[in-house]
Amino acid sequence: MLALVLMVLVTSAPAWPPPLALLAGAIRLLLPVEQFALLVLVAIASCGIVGWWSGGRLLMGLVWVAAAAYVVWRVPLPLTGYGAFLRGWAVTVGAAFGLVCLASPSRPFLSRGLAAIALAGGVTLVGFATRAVDGASASAAAEQMLSREYQQRLGAALDAWRSRSTSTTWREFSRRVPEAMDRANRLEAVLVALGEPVTASDAVGGSRAGPLVRLAPALLALESLAALALGWAAYHRLTRSRIGPPLGALRDLRFNDQCVWGLVVGITVLLLPTLVEWRTVGLNLLCFFGTLYALRGAGVLTWWVPDRIAGWALLALLVLVPILGPMWVLVTVLAITFSLGLGDTWRDFRAGAAPRRPSSP
């Protein structure tokens, strides 16, 4: 239920009130597809078709497919540019997930999700390559499209925030609490630095996309994996037809240890000067697999930390946010969880030990 509420909140970020415009802008820049609920709906429809193929009810599958098709078609975006990309990616990742589920019915969800995203990514690259003009590469065409979309999102968020910051109420509040104004200005500067393209004076060889646009492939893969997981869980809650094992708890999260090579390749590409042209690929590999290992490390923590200690630790983090700032707290948590997740590859910290946190009934 909490995940569904978060899905609705994230999808409605463009409609958040002006006082939350900067936070909404950060969410919109971190999600290449800001219509997150659409990806979840397509995932449920894909599970419905797989469930019918596995002996479930045809009517249920048709209802979800019809609902997803209607929303994909009626989404208020043009059929070109980002609108075409959104529709194409949603349909492609849903179809790829369905095909992977049919081809490997015994595999766990994470293996299916990763395979589906890899397949959808390959198809999307081919699509961009066939539509590229003037000899541009597929990555350049995608980068230009996302750069325009990110600038539009950033501009909308900043306009909403500046309309709020010039109001009399905000000026009076900032006079009483000057730290709030400083933090808001710093967050605004961070959003501009992450979302806007690098100008020609700052980039060798002309302008280039902003940092989050360059990381869009990894962010899109992570977002799509989360949408597939939420769709998988929602489908199994809504129907009795089972198409695979249910999602496990975070403390049980494991994946193939060979994924460490994704980190190795990403770090190697970033460090070798002869591979400077592939650094964007290295950054995306590091972002994607680093996030997976951070989640694995969070699973190790939830396995070992009892509930009473976890509550106090969470409270301590909340207290440290206004003292150290959210960025330092986030970096610290990611460093700890990533280190635990990576170490769990060689030394299974959960082997032969019972979880300190009891299972949910």
TODO: Assign the ring pair Phe109 / Trp232 to parallel, tilted or perpendicular, where the plane angle (0 to 90°) is split at 30° and 60°.
DONE: tilted

- [ ] Could you grab the distance from atom CD of Gln151 to atom CG of Leu29, nearest 0.5 Å is fine?
- [x] 11.0 Å

Task: Residue list, ring pair (Phe, Tyr, Trp, His ring centres under 6.0 Å) with Trp64, at least two apart or on another chain - done: none

Open item on the list: Let me confirm one number: the OG1-CG distance from Thr291 to Leu222, rounded to the nearest 0.5 Å.
Closed with: 4.5 Å

Pairs under 3.5 angstrom only: tabulate donor-acceptor contacts from the side chains of residues 3-24 to other protein residues two or more places apart or in another chain.
residue: Thr11; atom: OG1; partner: Met7; partner atom: O; Å: 2.8
residue: Thr11; atom: OG1; partner: Ala37; partner atom: N; Å: 3.1
residue: Ser12; atom: OG; partner: Val8; partner atom: O; Å: 2.9
residue: Ser12; atom: OG; partner: Leu9; partner atom: O; Å: 3.1
residue: Trp16; atom: NE1; partner: Leu9; partner atom: O; Å: 3.2
residue: Trp16; atom: NE1; partner: Ser12; partner atom: O; Å: 3.4

Task: Residue that, paired with Thr268, satisfies side-chain contact (heavy atoms from CB on, under 4.5 Å) out of Val265, Val264, Leu271, Leu270 - done: Val264

TODO: Indicate yes or no: at least one non-hydrogen side-chain atom of Leu225 is less than 4.5 angstrom from one of Leu292.
DONE: yes

TODO: Could you go through the side-chain contact (heavy atoms from CB on, under 4.5 Å) check for Ile267 and Leu286 one step at a time?
DONE: CA-CA 7 Å; Ile267 295 173; Leu286 197 59; 3.7 Å; yes

- [ ] Supply the members, apart from Val276, of the Ile/Leu/Val/Met/Phe/Trp/Tyr cluster built from side-chain contacts under 4.5 Å; use none for a lone residue.
- [x] none

Task: Leu154 side, atom CG; Leu212 side, atom CG - distance, nearest 0.5 Å - done: 10.0 Å

- [ ] Identify the heavy atoms of Gly290 and Leu263 that sit nearest to each other, and give their distance.
- [x] N-CD2, 3.6 Å

TODO: Would you check if the side chain of Ser224 reaches a backbone N or O of Ala221 as a donor-acceptor pair within less than 3.5 Å?
DONE: no

Task: Within-4.5 Å side-chain heavy-atom neighbours: Pro105 and Ile243 - done: no

Open item on the list: Less than 4.5 Å apart, side chain to side chain, heavy atoms only: is that true for Val33 and Leu39?
Closed with: yes

- [ ] Return the minimal non-hydrogen interatomic distance between Ala43 and Ala227, and the atom names on each side.
- [x] CB-O, 3.9 Å

Output a table of donor-acceptor pairs, distance under 3.5 Å, between side-chain atoms of residues 334-342 and any protein atom two or more places apart or on a different chain; print 'none' if there are none.
residue: Thr337; atom: OG1; partner: Val333; partner atom: O; Å: 2.9
residue: Thr337; atom: OG1; partner: Leu334; partner atom: O; Å: 3.2
residue: Ser339; atom: OG; partner: Ala335; partner atom: O; Å: 2.7

Task: Flag side-chain contact, heavy atom, 4.5 Å: Phe85 against Leu220 - done: yes

Open item on the list: Would you say Leu295 ends up clustered with Trp346 if hydrophobic residues are merged whenever their side chains have heavy atoms under 4.5 Å apart, either directly or through other cluster members?
Closed with: yes

Task: For Tyr293, all residues meeting ring pair (Phe, Tyr, Trp, His ring centres under 6.0 Å), sequence neighbours excluded - done: Phe255

Task: Leu119 side, atom CG; Leu114 side, atom CG - distance, nearest 0.5 Å - done: 12.5 Å

Task: Leu275 with Leu283, same ILVMFWY side-chain cluster at under 4.5 Å - done: yes

- [ ] Please confirm whether the backbone N or O of Leu250 pairs with a side-chain atom of Trp303, one donor and one acceptor, at under 3.5 Å?
- [x] no

- [ ] Would you check if Leu110 and Leu253 make a side-chain contact, meaning some heavy-atom pair closer than 4.5 Å?
- [x] yes

TODO: Give the intermediate values and the outcome of side-chain contact (heavy atoms from CB on, under 4.5 Å) for residues Val192 and Leu158.
DONE: CA-CA 9 Å; Val192 172; Leu158 293 181; 3.8 Å; yes

Show me, pair by pair, the donor-acceptor contacts under 3.5 angstrom made by side chains of residues 316-323, not counting sequence neighbours?
none

Task: Cluster check Trp89, Leu99: I/L/V/M/F/W/Y, side chain < 4.5 angstrom - done: no

TODO: Starting from the C-alpha separation in whole Å, work towards a yes-or-no answer on side-chain contact (heavy atoms from CB on, under 4.5 Å) for Ile27 and Glu34.
DONE: CA-CA 8 Å; Ile27 293 175; Glu34 60 179 346; over 6 Å; no

Task: Donor-acceptor contact present, side-chain Ser46 to main-chain Phe97, <3.5 Å - done: no

TODO: Measure across Ala67 and Leu41 and return the closest heavy-atom pair with its distance rounded to 0.1 Å.
DONE: O-CD2, 3.8 Å

Open item on the list: Under 4.5 Å side-chain heavy-atom separation, chaining through any Ile, Leu, Val, Met, Phe, Trp or Tyr, what else clusters with Val65? Say none if it is isolated.
Closed with: Ile49

Task: Over 12 non-hydrogen atoms of neighbours within 6.0 angstrom of CZ in Arg57 - done: no

Task: With Asn256 via side-chain hydrogen bond (donor to acceptor under 3.5 Å, both in side chains) - residues at least two apart - done: none

- [ ] Under the salt bridge (Lys or Arg N to Asp or Glu O under 4.0 Å) rule, what do Arg214 and Glu143 come out as? Steps first, then yes or no, please.
- [x] CA-CA 7 Å; Arg214 298 175 66 193; Glu143 189 176 275; 5.8 Å; no

- [ ] Heavy atoms only: give me the nearest Gly88-Thr92 pair and the separation to one decimal.
- [x] O-OG1, 2.6 Å

Open item on the list: Quick one, Arg28 and Gln152 - any side-chain contact, counting heavy atoms below 4.5 Å?
Closed with: yes

Task: Qualifying salt bridge (charged side-chain N to carboxylate O under 4.0 Å, His left out) pairs, either residue in residues 101-122, two or more places apart - done: none

- [ ] Please determine if Arg242 forms a cation-pi arrangement with Tyr235, meaning its NZ or CZ atom is less than 6.0 Å from the six-membered ring centre and no more than 45° off the ring axis.
- [x] no

TODO: Start with the C-alpha distance between Met145 and Tyr150, add both sets of side-chain angles, then the distance that settles side-chain contact (heavy atoms from CB on, under 4.5 Å), and finish with yes or no.
DONE: CA-CA 9 Å; Met145 179 272 298; Tyr150 271 45; over 6 Å; no

Open item on the list: Can you pull out every salt bridge (charged side-chain N to carboxylate O under 4.0 Å, His left out) where at least one residue sits in residues 330-345? Sequence neighbours excluded, please.
Closed with: Arg296-Asp344, Asp344-Arg350

Task: Selection residues 17-48 - residue pairs positive for ring pair (Phe, Tyr, Trp, His ring centres under 6.0 Å), sequence neighbours left out - done: none

TODO: State, to 0.1 Å, how close Asn284 and Pro217 come at their nearest heavy-atom pair, and which atoms those are.
DONE: OD1-CD, 3.3 Å

Open item on the list: Show me the pairs that pass ring pair (Phe, Tyr, Trp, His ring centres under 6.0 Å) and involve residues 257-290, at least two apart or across chains.
Closed with: none

TODO: Please tell me if the side chains of Val42 and Val91 come closer than 4.5 Å, counting only heavy atoms from C-beta onward.
DONE: no

Task: Spacing of Met60 atom CE and Ser241 atom OG [to the nearest 0.5 Å] - done: 9.5 Å

Task: Where Ala216 and Pro32 come nearest, the two heavy atoms and their spacing - done: O-CG, 3.7 Å

TODO: Tell me whether Leu31 is reachable from Val190 by hopping between hydrophobic residues (I, L, V, M, F, W, Y) whose side-chain heavy atoms are closer than 4.5 Å.
DONE: yes

Open item on the list: Nearest 0.5 Å, please: how far is CG in Leu58 from CG in Leu62?
Closed with: 4.0 Å

Task: Side chain to side chain, Arg87 and Leu38, heavy atoms closer than 4.5 Å - done: no

